[in-house]
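Let me begin by presenting the structure, written as structure tokens, before commenting on it.
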Amino acid sequence: MPERMKKQNQKPEQQREQLLREIEQLARSALFGTISETYRTCGTPGCGCHRNGPKHGPHLYVSYRGDKGKTTGYYVPKAIQADVRASIEAWGRLQDCLRRLAQLNKERLTATTRRKKRTFATGSS
């Protein structure tokens, strides 16, 4: 059975518990930012990259908005590019999970409020 179908068949509290486990796992590797690839010319004047030849790259960078709102970033060495890509993807999945969890929390709170109102209205008649 597909994962999506399993989640739909679960009770809201089971969905919440599963999301909390998934959030914990994703949070262990998540990196904030966006990935960009650049191609550059080198410092060797006779290299073809200074003329019509291909530039060197791709060079991977991660950009993000720093504490003071200014965009900043860092270079990603080739040895860890796959891990960084997976961690940036984990950040996106983490955000999706948090949105779903927030929706379930909202539904739980509004259901509680509705029950209380009905009980109160019934008791006051």
Side-chain angles (χ1 to χ4, degrees):
M1 181 180 291
E3 192 66 31
R4 197 80 153 155
M5 295 291 281
K6 286 181 187 176
K7 289 179 182 179
Q8 290 174 348
N9 293 336
Q10 291 178 339
K11 293 180 180 178
E13 195 56 37
Q14 290 172 322
Q15 290 177 24
R16 287 184 78 255
E17 291 303 317
Q18 184 175 347
L19 278 170
L20 289 169
R21 286 190 298 273
E22 191 173 348
I23 286 167
E24 182 179 3
Q25 280 302 114
L26 290 168
R28 293 178 189 277
S29 65
L31 283 177
F32 175 66
T34 56
I35 294 175
S36 62
E37 293 180 351
T38 62
Y39 292 82
R40 300 182 177 229
T41 56
C42 68
T44 307
C47 183
C49 68
H50 289 278
R51 294 182 295 284
N52 293 334
K55 297 192 185 306
H56 300 281
H59 302 287
L60 195 70
Y61 289 86
V62 173
S63 300
Y64 63 96
R65 192 165 308 266
D67 294 338
K68 297 180 180 172
K70 183 177 177 186
T71 300
T72 187
Y74 52 91
Y75 170 76
V76 179
K78 284 194 185 297
I80 62 169
Q81 285 183 2
D83 292 335
V84 169
R85 287 181 190 276
S87 294
I88 297 285
E89 185 179 319
W91 175 259
R93 291 194 333 258
L94 177 61
Q95 289 179 323
D96 290 341
C97 287
L98 288 169
R99 283 186 191 98
R100 291 196 317 261
L101 180 63
Q103 181 62 37
L104 288 169
N105 288 341
K106 176 185 169 192
E107 290 168 7
R108 185 173 63 168
L109 287 172
T110 55
T112 302
T113 304
R114 273 189 245 125
R115 279 196 301 267
K116 285 181 180 178
K117 284 184 179 179
R118 276 190 231 131
T119 304
F120 177 75
T122 307
S124 66
S125 298

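The figures that follow rest on heavy atoms only: side chains count, while hydrogens, waters and symmetry mates do not.
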Identify the two heavy atoms, one from [X] and one from [Y], that lie closest to each other, and give their separation to 0.1 Å.
X	Y	value
Pro45	Arg51	O-NH1, 4.1 Å
Thr41	Cys49	CG2-O, 3.3 Å
Leu101	Leu19	N-CD1, 3.6 Å

Apply side-chain contact (heavy atoms from CB on, under 4.5 Å) to residues Glu107 and Gln15 and explain how you reach the verdict. CA-CA 12 Å; Glu107 290 168 7; Gln15 290 177 24; over 6 Å; no
Looking at Asp83, Ile35, Val76, which one forms a side-chain contact (heavy atoms from CB on, under 4.5 Å) with Ile88? Ile35
Ion pair Arg21/Glu24, N-O distance below 4.0 Å: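 So Arg21 does not pair with Glu24 through a salt bridge.
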For Asp96, is there an ion pair with Arg93 - N to carboxylate O distance below 4.0 angstrom? no
If you count heavy atoms of other groups shown closer than 6.0 angstrom to NZ of Lys78, is the number above 12? yes
Return yes if some donor-acceptor pair links the side-chain N/O of [X] with the main-chain N/O of [Y] below 3.5 Å, else return no.
X	Y	value
Arg16	Lys11	no
Ser87	Ser29	yes
His50	Thr44	yes

Show, in sequence, the C-alpha distance, side-chain angles and deciding distance for Thr72 and Tyr64, and conclude whether the side-chain contact (heavy atoms from CB on, under 4.5 Å) test is met. CA-CA 6 Å; Thr72 187; Tyr64 63 96; 3.3 Å; yes
Test side-chain contact (heavy atoms from CB on, under 4.5 Å) on Tyr74 and Val62 and set out the steps. CA-CA 5 Å; Tyr74 52 91; Val62 173; 3.6 Å; yes
What's the spacing between [X] [atom1] and [Y] [atom2] if we round to 0.5 Å?
X	Y	atom1	atom2	result
Ile23	Gln18	CD1	CD	11.0 Å
Gln14	Leu104	CD	CG	11.5 Å
Arg40	Lys55	CZ	NZ	11.0 Å
Leu26	Arg28	CG	CZ	11.0 Å

If Ile, Leu, Val, Met, Phe, Trp and Tyr residues are connected whenever their side-chain heavy atoms lie under 4.5 Å apart, and connections chain through other members, are [X] and [Y] in the same group?
X	Y	result
Leu94	Leu20	yes
Leu31	Leu60	yes
Ile80	Tyr61	no

Parallel, tilted or perpendicular: ring planes of Tyr75 versus His59, cut at 30 and 60 degrees: tilted
